[in-house]
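By convention in this document, chain letters (A, B, ...) are assigned in the order of the sequence lines, proteins followed by strands, and residues within each chain are numbered from 1.
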Amino acid sequence: MTNPDSARSRIEELRTEINHHNYRYHVLDSPEISDAEYDSLIRELKQLEEENPQFLTPDSPTQRVGAPPVEAFGVVEHPVPLLSLGNVFTEEELENWYSRTVKLTGDVPFDFVGEHKIDGLAVALTYVDGQLITGATRGDGFRGENITRNLRTIRSLPLLVPKDAPPRFEVRGEVYLSRPGFEKLNRDRTAEGLPLFANPRNAAAGSVRQLDSRITTRRPLDIYIYMLGWAEGKSLPHTHWEMLDYLKSIGFKTNPNNRRLKDIEAVKQFYQTWEENRESLPYEADGIVFKINQLNLHDELGDIGHEPRWAIAYKFPAVQGTTRLNDIGISVGRTGTLNPTAILEPVSVGGVTIKNAALHNEDDIRRKDIRIGDTVIIQRAGEVIPEVVGPIVSQRTGKEKEFSLMDRLPKNDRGQPVCPSCGKTSIVRPEGEVMYYCANAACPAQLQQRIEHFTSRGAMDIRGIGENLSATLFEKGLVRDIADLYCLKDKKEELVNMEKLGEKSAENMLEAIEKSKQRPLGRLIYALGIKHVGSETAELLAGHFRSMKNFLNAKSEDFQNIESIGPITAESIIDFLKQEENRDIIHRLESAGVFPEEQAAISPGELLLSGYEFVVTGRLEAFSRSKAEARIKELGGSAKGSVTRKTDYVVAGSDPGSKLTRARELGIKVLDEKQFLEMLEKKQ
DNA sequence: CCGCCTCGAGTTCT
DNA sequence: CTCGAGGCGG
């Protein structure tokens with residue numbers, strides 16, 4: 001048994017030491033001891049405190065580990081309200097703010113501080129006699145929730161500050177989850193089968209509002225202090241920049257990316273730099289906050305409404321938005337897949353109004369726990385295709401409905417689910433697969449999309465027949481299958497009578513159809529739309545069989561020797577060729593004059609790019625990406641869509657994407673357009 | 001049998 | 001771009 005006096009002094013020693021290491025680790029990012037050593041200090045302190053509970057105080061570092069649930073949060077009044085910030089979205093609006101400010105300040109010179117506007121949660125922290133007493137959310141700006149217990153678990157937040165700090169003061173900061181912290185949290189939640197957080201902001205807000213702070217302690221929250229709220233009894237710096245420095249000196253963590261900016265040009269420059277590089281930050285930021293550096297001007301400028309005139313948030317263009325998921329629709333794909341699509345309350349994201357978004361499949365919807373009626377977060381993946389990231393669970397009303405594809409399908413008289421296009425009950429979900437299919441090969445949606453696929457760019461490339469026209473031709477009964485396209489020239493009258501199609505465009509279309517008769521065999525095989533046979537496999541088959549006649553007579557043993565065609569793809573091809581309707585279509589194509597050029601036998605090593613793998617990325621001057629890829633293939637090389645270890649050259653045009661980054665990582669030779677053209681010249 | 005790598009298929013809006 | 005799944009090598 002330890003004697004109480006020595007226990008007490010050891011406890012104090014340990015607390016000082018642990019606080020010091022917390023500061024080194026969490027604020028300065030330069031620990032002096034290993035995690036294991038740190039843990040052993042914590043364990044020793046915990047044990048002493050358990051043996052001597054009379055010495056246990058709320059500011060002990062052991063108290064960060066969380067306390068049992070509380071009934072509810074108390075309310076905290078903010079003596080000085082936490083205002084919100086005015087927003088600007090363009091440089092013009094920023095300039096307007098600046099000139100208004102200059103008018104108000106007259107001749108007094110000033111400069112700025114730029115700070116990232118981190119997507120987190122604003123909090124106010126009150127310290128009395130060096131101790132953290134309360135931590136509160138912003139709330140409505142005047143009154144917030146008391147979340148002291150949860151904020152105490154944030155390791156970079158000092159529970160104690162030095163004696164020379166003001167006796168009473170409040171600092172304000174942003175609580176946030178770093179991107180890696182957020183990803184790890186979601187990984188853990190996946191493992192535990194819990195619903196995922198949609199984004200770091202949501203996860204941070206949810207963590208801080210936990211009733212059980214033992215849960216909060218397991219969340220990797222962090223905090224940057226960005227200003228002093230108020231202080232009593234000490235004279236403090238006169239500029240914001242020096243104030244940040246001072247706050248740092250008494251133990252608070254400030255954002256190392258903060259900068260002092262001498263004029264409005266520097267302000268614009270700072271914004272530009274980070275708008276371009278925001279993805280590289282370890283946290284999510286939705287803009288930059290610019291503050292006037294001179295604190296005396298803050299008082300002079302004052303507030304307008306609930307916004308200070310001395311600061312402004314210059315927001316990045318939104319890449320995410322929230323809206324209501326009104327419904328989940330089901331469309332039928334070319335291969336019969338039943339695809340769920342989100343029907344959204346229209347919302348503008350990145351300057352584009354989004355009404356629909358991809359939802360992939362039923363399992364994915366379940367995994368993300370997306371329900372009809374939810375408020376959802378949407379984003380444009382890779383800045384292009386909108387997708388539903390996830391629901392905002394805290395905004396549920398209880399009226400949301402879970403989605404079940406089978407239940408959502410239309411029903412026949414006997415209440416059985418049917419395909420939304422053909423109305424047949426042939427809905428299947430193959431063992432082990434994620435997608436549902438309509439197994440009816442005569443399903444109109446499928447027939448029409450097969451025509452569309454046939455005419456598409458990568459297939460027979462018939463210009464002028466796209467989604468709309470192929471649908472109309474099909475509905476009018478003019479084209480029931482792909483072979484009918486070549487009979488259209490005898491139905492010119494009906495064509496022109498159709499709305500939306502003038503004489504001239506009808507002629508152009510017929511001409512394009514004629515031209516398509518000469519497409520190479522690989523294109524034709526791809527255009528047939530055989531399951532598991534995409535452009536690559538079609539090309540491979542064309543090289544192997546060399547004529548439509550050989551291909552039609554293919555037996556299952558013929559596929560055994562073809563590299564990269566396995567039993568499933570082989571079976572799918574055999575199955576396709578066995579069907580009478582398909583053979584009939586191919587014969588009708590032939591009699592209409594669709595005679596693809598016979599493919600030359602592959603002679604490896606003969607051509608000068610043979611055996612080399614290329615990936616083309618970015619925009620080229622001399623030709624389109626697909627032309628460049630075609631040229632590579634003509635010369636015997638291969639052109640792939642993604643960079644792997646096997647890639648030999650990456651051809652990078654202007655605005656290259658992540659592929660160039662990956663190429664650098666893997667140390668793959670990168671050619672610019674000029675070098676690429678030189679190579680083509682040389683190799684001819 | 002598992003973990004790559006590739007390929008296929010579907011997706012939004014102007 | 002994304003996800004799922006086929007093919008194949010370890």
Side-chain angles (χ1 to χ4, degrees), chain A residues 279 319-321 323 328-344 346-368 378-390 429-438 445-446 448-450 452-454 456-459 466-468 522 525-541 559-573 576 613-615 617 625 629 638-647 657-659 661-662 666 668:
Chain A
E279 290 304 314
V319 286
Q320 277 199 339
T323 189
I328 295 178
I330 298 169
S331 62
V332 185
R334 165 169 66 89
T335 56
T337 49
L338 300 180
N339 308 305
T341 28
I343 300 167
L344 303 164
V347 60
S348 171
V349 178
V352 182
T353 305
I354 311 249
K355 300 186 193 75
N356 301 299
L359 275 172
H360 306 300
N361 59 60
E362 193 186 48
D363 283 15
D364 202 39
I365 296 170
R366 289 267 165 77
R367 208 166 27 238
K368 292 177 177 159
I378 56 166
Q379 71 180 9
R380 301 213 287 152
E383 316 274 283
V384 191
I385 294 161
E387 64 171 0
V388 176
V389 180
R429 179 174 173 172
E431 184 84 27
E433 281 192 36
V434 165
M435 301 301 282
Y436 290 85
Y437 293 85
C438 167
Q446 294 180 53
Q448 185 247 303
Q449 282 174 96
R450 254 178 258 166
E452 195 183 318
H453 171 71
F454 186 83
S456 69
R457 272 245 294 265
E467 186 182 342
N468 279 323
I525 293 177
Y526 171 60
L528 292 174
I530 304 167
K531 192 175 175 191
H532 296 134
V533 179
S535 51
E536 298 289 322
T537 310
E539 214 52 59
L540 191 71
L541 291 167
F559 295 102
Q560 305 266 323
N561 306 325
I562 309 181
E563 178 95 344
S564 79
I565 293 192
I568 292 174
T569 310
E571 163 120 25
S572 162
I573 298 167
F576 180 90
E613 235 187 74
F614 286 77
V615 173
T617 180
R625 191 152 74 206
E629 288 173 347
S638 67
K640 295 288 165 60
S642 58
V643 181
T644 68
R645 271 180 283 276
K646 280 160 62 186
T647 308
S658 58
K659 288 168 196 171
T661 322
R662 180 136 171 82
L666 296 173
I668 286 157

Worksheet item: Can you name the residues that form a side chain to side chain donor-acceptor pair (under 3.5 Å) with A:Glu452, not counting sequence neighbours?
Response: A:Gln448

Item to complete: Take atom CD of A:Gln379 and atom C1' of C:dC1, then tell me their distance rounded to the nearest Å.
Response: 11 Å

Worksheet item: Rounded to the nearest Å, what distance is computed from the CG atom of residue A:Leu541 to the C1' atom of nucleotide B:dG8?
Response: 14 Å

Worksheet item: According to a strict under-4.0 Å criterion, is A:Thr337 in side-chain N/O contact with OP1 or OP2 of B:dG10?
Response: yes

Discussion item. If the condition is side-chain contact (heavy atoms from CB on, under 4.5 Å), which residues does A:Asn361 pass it with, not counting sequence neighbours?
Written reply: A:Asp363, A:Asp364, A:Val434, A:Met435

Worksheet item: Can a side chain N or O of A:Asn356 be found less than 4.0 Å away from OP1 or OP2 on B:dC13?
Response: yes

Discussion item. Which residues pass the side-chain contact (heavy atoms from CB on, under 4.5 Å) test with A:Glu571, not counting sequence neighbours?
Written reply: none

Worksheet, complete the sentence: When rounded to whole Å, the CG to P distance for the pair A:Asn468 and B:dC13 reads 14 Å

Fill in: Listed partners of A:Thr337 passing side chain to side chain donor-acceptor pair (under 3.5 Å), at least two apart
A:Asn339

Worksheet item: For the side chain of A:Glu433, counting heavy atoms from C-beta on, which of B:dG10, C:dA5, B:dG8 is nearest?
Response: C:dA5

Worksheet entry | Per A:Pro386 side chain, nearest of listed nucleotides C:dG7, B:dT12, B:dA9 | B:dT12

Item to complete: Could you tell me the separation between the CD1 atom of A:Ile354 and the P atom of B:dT14, rounded to a whole number of Å?
Response: 8 Å

Worksheet item: What's the CZ-C1' distance between A:Arg334 and B:dA9, to the nearest Å?
Response: 7 Å

Item to complete: Measure the distance from CZ on A:Arg366 to C1' on C:dC3 and round it to the nearest whole Å.
Response: 18 Å

Item to complete: Select base, sugar-phosphate, or nothing to describe what A:Asn361 touches, counting heavy atoms under 4.0 Å on all strands.
Response: sugar-phosphate

Worksheet item: A:His532 side chain: which of B:dC13, C:dG6, B:dA9 is closest?
Response: C:dG6

Discussion item. Closest approach to the side chain of A:Arg367, judged atom by atom: which nucleotide of C:dG4, B:dG10, B:dG8 is it?
Written reply: C:dG4

Practice prompt. Among B:dG10, B:dC7, B:dC13, find the nucleotide with the atom closest to the side chain of A:Thr537.
Written response: B:dC7

If you restrict it to nitrogen or oxygen atoms, what contacts under 3.5 Å exist between nucleotides 8-10 of chain C and the protein, and what is each distance?
from	atom 1	to	atom 2	distance (Å)
C:dC8	OP1	A:Ser564	N	2.4

Item to complete: Name the closest nucleotide to the A:Thr569 side chain, picking from C:dA5, C:dC3, C:dG7.
Response: C:dG7

Discussion item. Could you walk me through whether A:Ile573 and A:Phe576 satisfy the side chain to side chain contact (heavy atoms under 4.5 Å, CB included) test, starting with their C-alpha distance in whole Å, then the side-chain angles of each, then the deciding distance to 0.1 Å, before giving a yes or no?
Written reply: CA-CA 5 Å; A:Ile573 298 167; A:Phe576 180 90; 5.6 Å; no

Worksheet item: Looking at the side chain of A:Ser331, which of B:dT11, C:dG6, B:dC13 is the nearest nucleotide?
Response: B:dT11

Practice prompt. Check side chain to side chain donor-acceptor pair (under 3.5 Å) between A:Glu433 and all other residues, then give those that pass, not counting sequence neighbours.
Written response: A:Tyr437

Worksheet item: So which heavy atom on A:Gly522 is nearest to which on A:Ala538, and how close?
Response: O-CB, 3.5 Å

Fill in: Phosphate OP1/OP2 of B:dT11 contacted by A:Asn339 side-chain N/O (<4.0 Å)
yes

Discussion item. Rounded to whole Å, how long is the line connecting atom CD of A:Gln449 with atom P of B:dG8?
Written reply: 18 Å

